[in-house]
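Single-structure report; data block below.
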Amino acid sequence: MALKLVPMWACCTNQQHCCTYPQSLKLAYGSRLCGSTFLNLRAHKKWECLVLLSETERAITPVEDEQPLAPPGDASVQETQIIQSKGFHRDLQSLPKPLSATYLSSGQHDGSNVRVAYQGIPGAYSEAAALKAYPKCEPVPCDQFEAAFKAVELWLVDKAVLPIENSVAGSIHRNYDLLLRHRLHIVGEVQLLVNHCLLGLPGIRKEELKRVVSHPQALEQCNIMLNELGVARLSSDDTSSAAQIVASEGTRDTGAVASARAAEIYGLSILAERIQDDPDNITRFLILAREPIISGTDRPYKTSIVFTLEEGPGVLFKALAVFALREINLTKIESRPQKKRPLRVVDDSNKGSAKYFDYLFYIDFEASMADPRAQYALEHLQEFARFIRVLGCYPMDTNL
């Protein structure tokens, strides 16, 4: 993401309103206005420059999958308008303050006034992740991942907590695609240790079960236990809805794989705990918000980006080398085909055109955007990338 300085013009009725720039004003990386420069625009008679505003723009041409979020109000108004101004806005206290990492990680900020969206119903692991991030927040269930994204964008909630990868099942590709389609920022992460429990109606033993219902991934992660019981497996939308089904139907020979919290909510008994095949089953969640946080260097930070590359031999190697040259550790790399332009046609033979998948690359690396190494690495990456977007810079979650 690059910054471009754009002049803002307004009608000036008094010679004193003309702008004089101080010597210390920074225009961009390493450039300053020399001395005190007066903009003499008398030739224009009516218009004079009041202030330079920073306009955020993408460094490279956007890809087709990316759809900017329309601003509130009349979406048809797209062109910049020249507005006559009587003076500067002085009430700075009324302007919104950007979120900081200190605000997010402060012990006093327990989320008591925060509404957090998650996918699923009460008792879901996503709800547990939201409560770990904000212990006193108001969790807001959503039926789909995209509904949680839209709830944040429409100001129905303050944040969203959504899963991005599991140590056993791998990445949640749907949420990688949604990160690019929506204009939310990653402001934190939560790592949650998954404890699958076998639930049933009160008074039932696990040997009496003939069917077990849960999310397909949860059933797959508990293969050993379910094979020993010899039960039939039924799929549900998520683990918490499986517990709700068992409680509402009241079928004695049907159990569910869900969390201990789901058993408490729906009045079920825990027939067995930690039934997952892999005891170190961890799901990583992302915290999404409308505004980014101000990153620092006071604690470990992680930065997530997405980019596309030009076609050619060794281009991906060169792109990854910009981090290795600066001793920046990569913790995640994920590739996703572009859905609206999945194939790239290249004329490289007389017999026809070769077709290649056109990929988006998602990368997480251990460095803050306040670290010069990260800034230089992304500047270097622009030499190979057709498109770059910083999805977020946020404190790492080091507690399980």
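Keep in mind that this is a model prediction, so the values were computed, not measured.
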Arg211 and Asp253: CA distance, side-chain angles, deciding distance, side chain to side chain contact (heavy atoms under 4.5 Å, CB included) verdict: CA-CA 7 Å; Arg211 290 175 294 275; Asp253 60 357; 2.8 Å; yes

Heavy-atom side-chain proximity of Glu189 to Arg284 below 4.5 angstrom: yes

Heavy-atom side-chain proximity of Leu180 to Tyr362 below 4.5 angstrom: yes

Closest heavy-atom pair and its distance - Ile121, Ser240: CG1-OG, 3.1 Å

Val257: which of Leu199, Val213, Ile275 passes side chain to side chain contact (heavy atoms under 4.5 Å, CB included): Ile275

Between CZ on residue Arg205 and CD on residue Glu208, distance to nearest 0.5 Å: 4.5 Å

Atom pair CZ/CG of Arg274 and Asn195 - distance to nearest 0.5 Å: 4.5 Å

Pair Glu127 + Arg261: basic N to acidic O under 4.0 Å: yes

Separation between CZ of Phe317 and CZ of Phe384, rounded to the nearest 0.5 Å: 10.0 Å

Gap between atom CG of Asp158 and atom CD of Glu138 - 0.5 Å precision: 9.5 Å

Note, Gln276 side chain near Met225 side chain (heavy atom, < 4.5 Å): no

Lys132, NZ: over 12 other non-hydrogen atoms inside 6.0 angstrom: yes

Same cluster (ILVMFWY, side-chain, under 4.5 Å), Met396 and Leu162: no

Any donor-acceptor N/O pair, Gln375 side chain to Met369 backbone, under 3.5 Å: yes

Carboxylate-amine/guanidinium contact Arg174 Glu146, below 4.0 Å: yes

Leu201 versus Ala247, closest heavy-atom pair with distance: CD2-CA, 4.5 Å

Donor-acceptor pair, side chain of Ser269 and main chain of Leu271, under 3.5 angstrom: no

Residues Val116, Val157; criterion side chain to side chain contact (heavy atoms under 4.5 Å, CB included); working and verdict: CA-CA 6 Å; Val116 181; Val157 297; over 6 Å; no

Donor-acceptor contact below 3.5 Å, side chain Arg115 vs main chain Leu156: yes

Closest heavy-atom pair and its distance - Arg290, His185: O-CD2, 3.1 Å

Derivation of the side chain to side chain donor-acceptor pair (under 3.5 Å) call for Gln217 and Asn166: CA-CA 10 Å; Gln217 286 187 0; Asn166 177 264; over 6 Å; no

Pair Asp238-Ser241, side-chain donor/acceptor within less than 3.5 Å: yes

Closest heavy-atom pair and its distance - Ile294, Tyr301: O-OH, 4.5 Å

Output field: ring centroids Phe387/Phe307 closer than 6.0 Å: no

Heavy-atom check, side chain of Leu179 versus side chain of Ile164, under 4.5 Å: yes

Donor-acceptor pair between Ser171 and Glu165 side chains, under 3.5 angstrom: no

Leu286 with Leu184, same ILVMFWY side-chain cluster at under 4.5 Å: yes

ILVMFWY cluster, Val390 and Leu309 together (side-chain gap under 4.5 Å): yes

Sub-4.5 Å side-chain heavy-atom contact between Pro163 and Ser126: yes

Backbone of Val194 reached by a side-chain donor or acceptor of Asn281 within 3.5 Å: no

Within 6.0 Å of CD in Glu383, more than 12 heavy atoms from elsewhere: yes

By side chain to side chain contact (heavy atoms under 4.5 Å, CB included) - contacts of Asp280 (at least two apart): Asp278

Min side-chain heavy-atom separation Thr254-Leu209 under 4.5 Å: no

Heavy-atom check, side chain of Thr283 versus side chain of Leu193, under 4.5 Å: no

Side-chain donor/acceptor of Ser167 to backbone N/O of Ile282, under 3.5 Å: yes

Residue pair Ala262 / Gly123: nearest heavy atoms and the distance that separates them: CB-O, 3.9 Å

Ser304 and Lys332: CA distance, side-chain angles, deciding distance, side chain to side chain donor-acceptor pair (under 3.5 Å) verdict: CA-CA 9 Å; Ser304 298; Lys332 174 75 175 180; over 6 Å; no

Arg326 side chain reached by Tyr376 side chain, heavy atoms, under 4.5 Å: yes

Hydrophobic cluster identity match, Val140 and Val152, side-chain contacts under 4.5 Å: yes

Smallest separation among heavy atoms of Ser259 and Cys197, with atom names: C-SG, 4.5 Å

His196 and Tyr125 aromatic ring geometry - parallel, tilted or perpendicular at 30°/60° bounds: perpendicular

Interatomic spacing from CD1 in Ile172 to CG in Leu178 - rounded to 0.5 Å: 12.0 Å

Polar contact flag, side-chain donor to acceptor under 3.5 angstrom, Asn329-Glu366: yes

Chi angles and distances behind the side chain to side chain contact (heavy atoms under 4.5 Å, CB included) call for Val212, Leu219: CA-CA 8 Å; Val212 171; Leu219 295 173; 4.1 Å; yes

Side chain to side chain contact (heavy atoms under 4.5 Å, CB included) between Ile363 and Leu330, intermediate numbers included: CA-CA 7 Å; Ile363 282 183; Leu330 302 183; 3.8 Å; yes

Asn223/Arg233 under side chain to side chain donor-acceptor pair (under 3.5 Å): CA gap, chis, key distance, verdict: CA-CA 10 Å; Asn223 252 327; Arg233 307 179 189 188; 2.7 Å; yes

Cationic N near anionic O, under 4.0 Å, Glu153 to Arg183: no

Same apolar cluster: Ile270 and Ile245, side chain cutoff 4.5 Å: no

Distance, nearest 0.5 Å, that separates OG1 of Thr331 from CZ of Phe365: 9.5 Å

